[in-house]
Amino acid sequence: MGRFELEFMERTLREGVEDILRRQAEVADARIYGRASPRSRSGELKAALSSRQYTLERLGDGFMASAAYPAHIRFIDMKDRQNYRIYNRQVWGVFYGDTISELRFGFRSWFADKIRGRLAQSSNQPNQP
């Protein structure tokens with residue numbers, strides 16, 4: 001895999017992870033922290049989602065993304081609990097709905113835009129003797 005393909009993949013995956021964390025923070029604000037509840041809330045989930053800290057590591061020709069979540073985020077998705085759809089719906093919806101499609105079909109337009117940008121940048125620079 002070439003440098004441009006890896007750069008495109010990294011940018012696309014980074015945008016996907018940031019989109020997941022943003023959507024999860026929105027769900028938490030609206031459905032968990034936005035309503036009065038008799039249960040006390042520690043704020044641990046909100047703090048984790050608000051920080052939007054994640055890592056994206058290159059592993060050979062692939063990547064691995066990870067984010068630190070409180071362990072209970074998986075349990076609040078369960079139907080017999082609250083069914084907030086904060087984890088699975090966001091992770092799989094973004095990756096399968098948006099990110100994979102962009103990885104499969106978006107490289108050509110991304111590469112063309114990158115070349116156009118570099119050509120415009122080089123034509124704006126004064127000629128060197």
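- A distance of 4.0 Å separates NZ in K46 from CG in D29, rounded to the nearest 0.5 Å.
- We find the OG1-CD distance between T12 and E7 to be 10.0 Å, quoted to the nearest 0.5 Å.
- The side-chain heavy atoms of Y54 and E18, taken from C-beta on, include a pair separated by under 4.5 Å.
- In this structure, the side chains of E102 and R11 come closer than 4.5 Å at one or more pairs of heavy atoms.
- Annotation: the span from R23 atom CZ to R85 atom CZ amounts to 14.5 Å, rounded to 0.5 Å.
- The two atoms that bring L59 and M64 nearest to each other are CD1-CB, 3.6 Å, heavy atoms only.
- Proximity of a side-chain donor or acceptor of S51 to a complementary backbone N or O of A48 within less than 3.5 Å is detected.
- Electrostatic pairing of R22 and E26 counts as a salt bridge here, judged by a charged N lying under 4.0 Å from a carboxylate O.
- Within the 4.5 Å cutoff, no side-chain heavy atoms of T99 are placed close to those of V17.
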Check against side-chain contact (heavy atoms from CB on, under 4.5 Å), F63 and R14: CA-CA 10 Å; F63 291 88; R14 194 169 298 283; over 6 Å; no

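- Side-chain atoms of Q90 never come within 3.5 Å of backbone atoms of L21 as a donor-acceptor pair (strictly under, hydrogens ignored).
- F111 and F4 have perpendicular rings, their planes meeting at more than 60° on a 0 to 90° scale where under 30° would count as parallel.
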Test side-chain contact (heavy atoms from CB on, under 4.5 Å) applied to F95 and L103, step by step: CA-CA 10 Å; F95 273 127; L103 286 171; over 6 Å; no

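- Contact between Y87 and Y69 at its shortest, heavy atoms only, is CE1-CE1, 3.9 Å.
- Qualifying side-chain hydrogen bond (donor to acceptor under 3.5 Å, both in side chains) partners for S101, counting only residues two or more places apart in sequence or in other chains: none.
- Looking at N124, its side chain does come within 3.5 Å of a backbone N or O of A120 through a donor-acceptor pair.
- In this structure, L45 and I73 approach most closely via the heavy-atom pair CD1-CD1, 3.8 Å.
- You'll find the side chain of L56 reaches within 4.5 Å of the side chain of E10, heavy atoms only.
- Of the inter-residue distances, the one linking L49 atom CG with E44 atom CD reads 10.5 Å to the nearest 0.5 angstrom.
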